[in-house]
Amino acid sequence: MRYPFAEAELRWQKYWDDKKVHKTDLSDLEKAIYCLVMFIYPSGAKLHCGHWYNYGPTDSWARFKKLQGYNVFEPMGYDAFGLPAENYAIQTGIHPKDSTLTNIDDIRVQLKRMGCMYDWDAELMTCAPEYYKWNQWLFLQLYKKGLAYRKNAPVNWCPSCNTVLANEQVQSDGTCERCGTPVIQKALTQWFFKITEYADELLEGLKKIDWPDKTKHMQENWIGRSYGAEAKFKLADHDDVIDIYTTRPDTLFGATYMVLSPEHPLVEKITTDENKHAVEEYQKSVQSLSEIDRTSTAKEKTGIFTGAYAINPVNDEKIPIWIADYVLMTYGTGAIMAVPGQDERDWEFAEKFDLPIIQTVQPPDGFEGKAYLGDGPAINSSFLDGLDVTDAKAKIINWLEDKGIGESKVNYRLRDWLISRQRYWGTPIPIVYCESCGEVPVPEDQLPVELPYDVDFKPDGGSPLASNKEFVNTSCPTCGEPAKRDVDTMDTFVDSSWYYLRYLDPGYSEGAFNKSLGESWTPVNMYVGGAEHATMHLLYARFVHKFIRDLGLVSSDEPFQKLIHQGTITNNGVKMSKSKGNVVNPDDFIKDYGSDVFRMYLMFMGPYELGGDWSDKGIVGVDRFVQRVYSLVEKHEGLSKNVKAKTQYDIQLLNGYEQNLYRKVNQTLSKYEVEIEHFRFNTAVAALMELMNELTKDIDNSSDELKLYALERLITMLAPLAPHLGEEAWQILGYKETLFENPVWFSVDEKAMVEDTVTIVVQVMGKVRAKLELPKDSDENIVKVAAFENENVKLHTEGKQVIKEIYVQNKIYNIVAK
RNA sequence: GCCCAGAUGGUGAAAUUGGUAAACACGCUAGCUUCAGGAGCUAGUGCCGGCAACGGCUUGGGGGUUCGAGUCCCCCUCUGGGCACCA
């Protein structure tokens with residue numbers, strides 16, 4: 001009979017649900033494992049292959065651990081705030097709250113159809129006041145420590161989404177990551193979280209976590225630590241000084257001009273009258289450029305002379321001060337000393353504007369580039385001459401420090417996290433503005449500041465919350481006078497920065513999360529999600545976790561100890577997305593083959609981290625495998641009631657078929673454990689298929705005891721990958737208990753793994769000429785004799801002189817002959 | 001421009017990390033079987049030559065190290081991802 005997957009899968013899902021089989025006892029810390037997938041964004045679209053690809057295999061890993069006796073916690077929830085729901089509301093008039101709650105109900109049904117062992121009691125959604133209340137609490141804690149602050153700053157603005165974007169949300173071509181509209185710059189007063197306070201620890205912490213190297217590199221580059229020096233340059237005709245940052249203080253003697261960022265506060269002050277007009281024109285032209293346009297390396301350098309001069313402190317030379325958009329106000333001090341001899345950008349600029357170039361490092365003979373960036377002895381640098389770069393740096397920094405005009409300095413590219421969003425569907429910022437008291441945080445006992453239902457969320461560039469007067473107008477918590485609420489909401493990445501803590505007790509009302517559970521269940525042991533979050537979510541969550549640690553609420557330094565990225569499933573090479581209309585809907589496959597087969601097929605497709613192009617070719621192979629397993633098990637219905645299998649057999653006492661079977665079962669089990677542990681599901685499935693092929697040959701010639709031995713192991717290995725079938729088969733075999741309520745895992749009989757004969761390959765001049773079946777660990781002489789007795793080997797060595805023979809035990813015998 | 005990852009049959013891929021390349025599947029071919037259904041079973045299947053034994057070639061291209069290279073080193077081509085004037 002064909003496996004009635006549809007009936008069986010729904011029956012098991014109902015059973016797991018009704019009996020809360022997957023509820024985790026979080027008080028049991030022995031062998032505790034926290035296995036987490038990135039929570040789901042509840043859009044109106046159905047779950048697609050990408051979701052299944054993320055969740056299915058991760059669940060299989062969790063189930064494997066569960067069968068091995070671990071206490072596994074695997075929750076699922078909803079990242080429910082955010083732009084798409086709001087944009088949908090603008091299009092359709094359906095309120096984000098209504099559409100989101102409906103979507104969540106639909107998605108929950110689809111998630112359950114996957115058959116994952118989610119602990120549904122731990123389910124959470126970020127749009128619930130009980131959740132976002134604690135975003136506000138987090139904001140207030142940061143505020144108290146001076147790590148949440150407000151400033152007027154030029155920000156990335158998406159004219160289509162009508163909101164601010166974090167740097168991380170602007171794509172490299174200068175467009176909005178959500179809608180593709182070119183991002184522009186706009187000055188606004190916004191809230192920031194001071195992630196830069198943790199820059200150094202965020203960088204150092206990468207060494208301690210088991211994450212993909214690629215992701216760590218990306219964070220490293222994003223944080224961008226550099227070592228250098230700050231130095232003060234006096235102006236020639238003013239009292240002011242200009243602070244510069246440089247990574248090459250050793251080249252100070254080559255500083256032939258200075259460049260300020262066009263936004264530098266000193267520009268206005270120092271610009272001479274005759275240059276004023278041109279400078280202002282230039283500033284204006286720069287303003288209209290986005291940061292991406294400004295920083296494009298492809299663009300030719302532009303800039304303009306201010307008319308002012310500074311004094312190079314090492315040689316008292318008068319050097320001109322320019323402004324140029326290649327100097328950014330947001331990095332370092334917003335001013336540089338330009339050393340065209342040792343910096344490519346300065347070289348380009350100096351050439352274009354005909355500024356002097358002095359070499360301060362001797363390039364090697366034959367150097368043909370323009371600016372020389374490498375090491376070498378200092379030249380034209382007075383007391384630094386002859387020193388290499390490192391020594392020159394040290395000496396000049398000492399010199400600057402002695403004079404009191406400079407010091408060594410570490411800089412980061414990382415910028416503070418801008419969290420204000422001029423949108424509705426998010427967490428209100430818990431701040432009110434009072435005429436007399438100014439900016440006042442909402443007291444914790446007045447949280448949550450609830451998001452009102454009734455607002456006008458048409459995009460007009462302002463915050464939709466401003467349209468609800470009842471919300472906006474409040475009284476000052478300090479003086480009681482009329483005051484206005486902040487009408488912006490928080491970036492949804494705030495929500496996802498600590499949700500893994502909330503899962504542990506989502507109904508907890510005494511705090512953001514249950515402290516003792518947070519203490520014992522972090523860091524998360526296994527975190528699985530898309531690589532696109534490398535510099536956003538995954539960096540923000542690390543920052544927030546460290547902050548929460550510093551509040552004394554957890555003692556772990558990192559939120560996610562082990563991280564794995566699932567690959568992307570594409571369709572004809574294009575990433576699947578609703579807007580492109582190329583989403584492959586799993587429903588048809590579930591209908592035809594069931595969720596077990598679909599999950600297993602996704603795992604079998606290829607390496608998990610690689611993803612791949614979608615194709616349904618081959619799903620029938622997995623289906624056939626499942627059918628063969630089912631009919632084999634069915635043939636042995638109730639077997640466990642009649643016989644008992646031993647945990648180990650003496651292989652010598654078994655017949656040939658049995659020996660083969662016994663060995664294969666143990667080899668498979670051993671391989672399987674390693675492969676699943678490392679998320680190499682494709683080879684784990686292949687190993688099970690191989691085992692199945694062996695079973696077909698050997699099982700009929702084996703004793704009932706050994707049949708049971710093999711089937712038990714086959715089924716327990718299958719169960720994590722195809723959980724419904726696993727349970728079903730276990731019952732057919734005659735067990736009353738279910739596998740996932742009463743986990744069973746068998747240990748490997750290492751002795752059985754060893755083959756008593758091995759195949760030794762005989763090569764002549766590196767080419768395979770014969771294969772010898774010989775007892776394991778045969779003596780070299782025996783192998784040699786056998787090798788030279790081989791007809792084909794004789795043929796290829798005849799008339800030649802044997803120069804050398806190499807024997808690798810149990811593997812290869814290579815004859816070098818001429 | 002810089003950094004990272006990758007390229008293996010008709011297809012998805014495997015290869016104990018320097019030791020039999022192509023496991024496991026899909027597809028294809030032939031045969032058997034069933035009240036042709038998108039079913040099952042058996043055998044074959046990297047390419048070229050040969051009835052066969054066997055031989056030659058083969059892991060994007062070129063060079064190198066080695067008894068031996070998909071794996072290590074150098075150069076090149078292409079693909080995917082990240083960064084992009086950070087002084």
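Numbers restart at 1 for each chain; the letters A, B, ... are given by sequence-line order, proteins then strands. In what follows, every heavy atom counts, from backbone to side chain, and hydrogens, waters and symmetry copies are set aside.
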When the C1' atoms of B:C32 and B:A39 are compared, how many Å lie between them, rounded to an integer? 14 Å
What's the CE-C1' distance between A:Met765 and B:G56, to the nearest Å? 16 Å
Do we get A:Lys784 above A:Tyr807's six-membered ring, with its NZ or CZ under 6.0 Å from the centre and within 45° of the axis? no
Sequence neighbours excluded, the answer for side-chain contact (heavy atoms from CB on, under 4.5 Å) partners of A:Ala531 is A:His565
When the P atoms of B:G1 and B:C76 are considered, how many whole Å apart are they? 12 Å
Going 5' to 3' through nucleotides 36-45 of chain B and flagging B where a protein heavy-atom sits under 4.0 Å of the base, S where only the sugar-phosphate is that close, and - otherwise, we get --B-SS----
Salt bridge check: are A:Lys664 and A:Glu694 linked by an N-O gap of less than 4.0 Å? no
Write down the distance separating the P atoms in B:U45 and B:A52, rounded off to the nearest Å. 11 Å
Taking the C1' atom in each of B:A15 and B:A21, what is the distance between them to the nearest angstrom? 7 Å
Rounded to whole angstrom, note down the C1' distance from B:A25 over to B:C75. 38 Å
Per the 3.5 Å Watson-Crick/G-U criterion and a run length of at least three, the stems involving RNA chain B are B:1-7 with B:77-83, B:10-12 with B:24-26, B:27-32 with B:40-45, B:46-49 with B:54-57, B:60-64 with B:72-76
Crowded around A:Glu750 CD? As in, over 12 foreign heavy atoms under 6.0 Å? yes
Partners meeting salt bridge (charged side-chain N to carboxylate O under 4.0 Å, His left out) with A:Arg628 (sequence neighbours left out): none
Per-nucleotide protein contact string for nucleotides 2-22 of chain B, where B marks a base within reach and S marks sugar-phosphate only (heavy atoms under 4.0 Å, - for neither): ----------BSS----BB--
Please enumerate all residues that pass side-chain contact (heavy atoms from CB on, under 4.5 Å) together with A:Ala722, with sequence neighbours excluded. A:Asp596, A:Met600, A:Leu718, A:Leu725
What's the gap between B:U8 and B:G60 when it is taken at their C1' atoms, as a whole Å value? 10 Å
B:G9: syn or anti, with syn meaning chi within 90° of zero? syn
Looking at A:Asp343 and A:Lys370, is any side-chain nitrogen of the basic one under 4.0 Å from a carboxylate oxygen of the acidic one? no
Rounded interatomic separation in angstrom, taking CD from A:Glu220 and P from B:C83: 15 Å
Side-chain N,O (A:Tyr326) to OP1/OP2 (B:A87) below 4.0 Å: no
Let me know the distance between CZ of A:Phe625 and C1' of B:A25, rounded to the nearest Å. 11 Å
For B:U17, does the glycosidic angle fall within 90° of 0 (syn) or outside that (anti)? syn
Do A:Arg599 and A:Ser60 pair up side chain to side chain, a donor and an acceptor below 3.5 Å, judged on atom types alone? yes
Taking the same atom, C1', in B:G19 and in B:C72, what whole-Å distance lies between them? 14 Å
Between B:G49 and B:G37, how many Å separate the two P atoms, rounded to a whole number? 40 Å
